[in-house]
Undergrad: 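Would you mind keeping the following structure in view while I ask a few things?
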Amino acid sequence: MDKINRRNFLGAGLILGASTLLGKETNKKIITSTKEFEAPIVAFPQKKPMKAISDRPPLLESSRDIFSQVITPNDQFFVRWHMPDIPTYIDLNEFRLEIKGSVEKPLFLSVDDLKSKFEPVEITSVLQCGGNSRKYYAASGQATHGVQWGHGAMGCAVWKGARLKDILNMAGVKSTAKFVGVNGLEKPAVDETPKFFREMEIDEALSGELIVAYEMNGEDLPYLNGFPLRLVIPGHFSDSWVKMLSEITVMDEYRKSFFMDVAYTVPDNDCECVISGSDFEYKRKPIAAMKVKSVIGYPTPNTVIKKGSRVQITGVAFDQGKGIKEVMISLDGGKSWGATALQKDYGKYAYRQWTYSWEPKAKGEYTIMVRAINRIGNIQPQVDEIGWNAGGYQYNAVDSVNVKIV
Amino acid sequence: MIKILIIALLLGATSLFAQVSKPIEMPYIDYPMVKGDHDEVAQQYCLICHSFGYVLNQGKKSRPYWTGTVAKMVNEFKAPIPKEDQQTIINYLVKHYGYEANAGH
């Protein structure tokens with residue numbers, strides 16, 4: 001550990017650059033965060049070295065170049081837990097997924113049961129943290145609360161597992177049931193801290209699209225991505241994709257909880273936004289369906305490119321499952337736009353890779369921007385147009401990367 | 001009651017397909033904290049539930065922000081921090097990881 005970290009954090013952490021920060025009291029457009037602490041790059045179990053925002057609980061961010069692939073490799077897939085007390089060992093002989101509450105027959109299923117007693121299904125789906133790209137809100141107005149992720153709190157994988165619907169049907173959902181609660185094995189350090197408990201309406205749970213996954217990209221789930229089981233909710237932000245899933249509770253009534261009613265919420269209005277800099281005092285609703293988004297995987301910021309060389313610009317785009325219609329690209333900071341070439345379709349919940357071949361003819365600084373539109377006409381907002389929310393959720397403004405042609 | 005997970009100070013050489021047939025060894029990262037101004041109080045309370053990486057990741061923040069964040073830790077997450085220690089921590093954070101709201105105005 002010493003070798004890897006010391007160099008990264010000594011010095012870096014102590015000098016948090018001269019601040020040009022202004023209070024959130026003003027509503028002017030200001031960039032709040034200047035020089036940040038550079039998180040160390042560390043290898044965690046089953047992972048390549050990744051940006052470690054925190055070790056306990058582990059918060060690992062993928063680097064931008066990951067977006068030049070449709071499928072995110074398991075060993076580079078981002079990691080995000082909420083509670084510090086995570087079992088470091090799971091014995092599959094003992095591990096059981098419990099289905100309880102308003103059901104005819106409570107179940108205790110082993111991972112083997114899930115593999116053998118239910119029809120296996122596979123889906124390629126994006127997994128994106130609700131707070132992904134949050135740090136870019138600072139550039140659009142005011143920095144927000146919450147972990148300041150770049151774009152690297154998302155990935156796309158092939159998930160294999162049993163349908164939640166089939167599991168619930170085996171247990172027999174009672175007619176009085178209205179909600180389904182899910183939680184996993186992570187535990188807080190202080191008993192009174194709210195548990196990480198998530199809820200959804202029974203219709204959603206029975207929709208047939210949700211799966212209890214035991215495989216990710218053809219392997220057991222990596223430990224830090226939720227081994228042995230994880231709920232998969234295609235098209236939705238990952239707040240309810242519970243890791244180390246251990247309990248499914250069918251309920252007749254909604255249970256109020258911090259992680260449903262306070263965290264992971266946005267303003268309950270059409271734009272899901274409030275005036276930049278407002279506090280949390282607004283009526284809220286949980287975040288749910290993802291917003292159309294595209295990011296650039298190559299080139300990465302500040303890449304230096306030789307004039308006249310052929311650059312294959314590439315990245316990924318996705319939405320809530322309506323399908324990407326077009327990804328537009330600008331090489332002049334947004335003045336003019338052209339079309340990129342969409343690559344193979346891996347399904348409506350997967351990344352859609354796009355490419356654009358560019359031969360820069362003049363030296364200088366260039367700003368590459370991309371903007372996706374989906375099949376129902378949802379389009380990414382410009383950076384200065386994006387609606388703001390105090391939690392910093394669902395950032396999806398136009399992505400940009402500066403490069404230098406020499 | 002507070003249970004603090006003790007993690008081996010080991011950055012195991014991680015093979016990519018490590019089997020989880022034995023406990024995983026989580027690396028320990030020593031996120032730096034500026035010394036002085038009663039950093040020991042922040043050390044005592046702010047590392048119970050998460051690393052100091054959470055604080056460093058925020059960048060420089062205003063006194064109202066740090067006051068609100070410490071209040072959130074206490075009120076929402078039930079951090080067991082006595083009132084006077086909360087103030088000490090806020091002052092420490094503002095001094096080393098922030099700024100007074102009206103600085104420069």
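Proteins come first, then strands; the chains are lettered A, B, ... in the order of their sequence lines, and each starts at number 1.
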Undergrad: Determine whether the aromatic ring centres of A/F258 and B/F77 lie less than 6.0 Å apart.
TA: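 Centroid separation for A/F258 and B/F77: below 6.0 Å.
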Undergrad: Counting only heavy atoms from other residues, nucleotides and ligands, does the tally under 6.0 Å from NZ of B/K35 exceed 12?
TA: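 Counting other residues, nucleotides and ligands, NZ of B/K35 exceeds 12 neighbours.
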Undergrad: Could you work out, with salt bridge (Lys or Arg N to Asp or Glu O under 4.0 Å) as the rule, every residue matching B/R63, not counting sequence neighbours?
TA: B/E100
Undergrad: Which pair of heavy atoms, one from B/C49 and one from A/V190, lies closest together, and at what distance?
TA: SG-CG2, 4.1 Å
Undergrad: Please tell me if the side chains of B/M26 and A/P45 come closer than 4.5 Å, counting only heavy atoms from C-beta onward.
TA: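 Yes, close enough: below the 4.5 Å cut-off.
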Undergrad: Between A/G146, A/P58, A/P222, who has the most heavy-atom pairs with chain B when the cutoff is under 4.5 Å?
TA: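 Most heavy-atom pairs under 4.5 Å with chain B: A/G146.
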Undergrad: Compare all side-chain heavy atoms of A/P57 with those of B/H50 and state whether any distance is below 4.5 angstrom.
TA: yes
Undergrad: At their closest point, which heavy atom of B/K78 faces which heavy atom of A/E192, and how far apart are they?
TA: CG-O, 3.3 Å
Undergrad: Is there a side-chain contact between A/D55 and B/Y31 in this structure, where contact means two heavy atoms from C-beta onward sitting under 4.5 Å apart?
TA: yes
Undergrad: Check whether any side-chain N or O of A/R56 sits under 3.5 Å from a backbone N or O of B/L47 as a donor-acceptor pair, and report yes or no.
TA: yes
Undergrad: Taking side chain as everything from C-beta outward and backbone as N, CA, C, O, which of these in B/Y65 sits under 4.5 Å from a heavy atom of chain A? Side chain, backbone, both or neither.
TA: side chain
Undergrad: For A/K195, does the NZ atom sit with more than 12 other heavy atoms under 6.0 Å from it, leaving out its own atoms?
TA: yes
Undergrad: What closest approach, in Å, do A/H82 and B/Y54 show between heavy atoms, and which atom pair accounts for it?
TA: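 Heavy-atom minimum between the residues: O-OH, 4.5 Å.
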Undergrad: Please round to the nearest 0.5 Å and tell me the distance separating atom CE of B/M73 and atom OG1 of A/T193.
TA: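 So the gap between those two atoms works out to 10.0 Å.
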Undergrad: Under the side-chain contact (heavy atoms from CB on, under 4.5 Å) criterion, do B/V55 and A/F37 qualify, and how do the steps go?
TA: CA-CA 10 Å; B/V55 171; A/F37 165 74; over 6 Å; no
Undergrad: List for me each residue that meets side-chain hydrogen bond (donor to acceptor under 3.5 Å, both in side chains) alongside B/E40, sequence neighbours excluded, and say none if there are none.
TA: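 B/H38.
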Undergrad: With a 4.5 Å cut-off on side-chain heavy atoms, are B/N57 and A/K135 touching?
TA: no
Undergrad: Measuring heavy-atom distances to chain B, does A/L92 have an atom under 4.5 Å in its side chain, in its backbone, in both, or in neither?
TA: neither
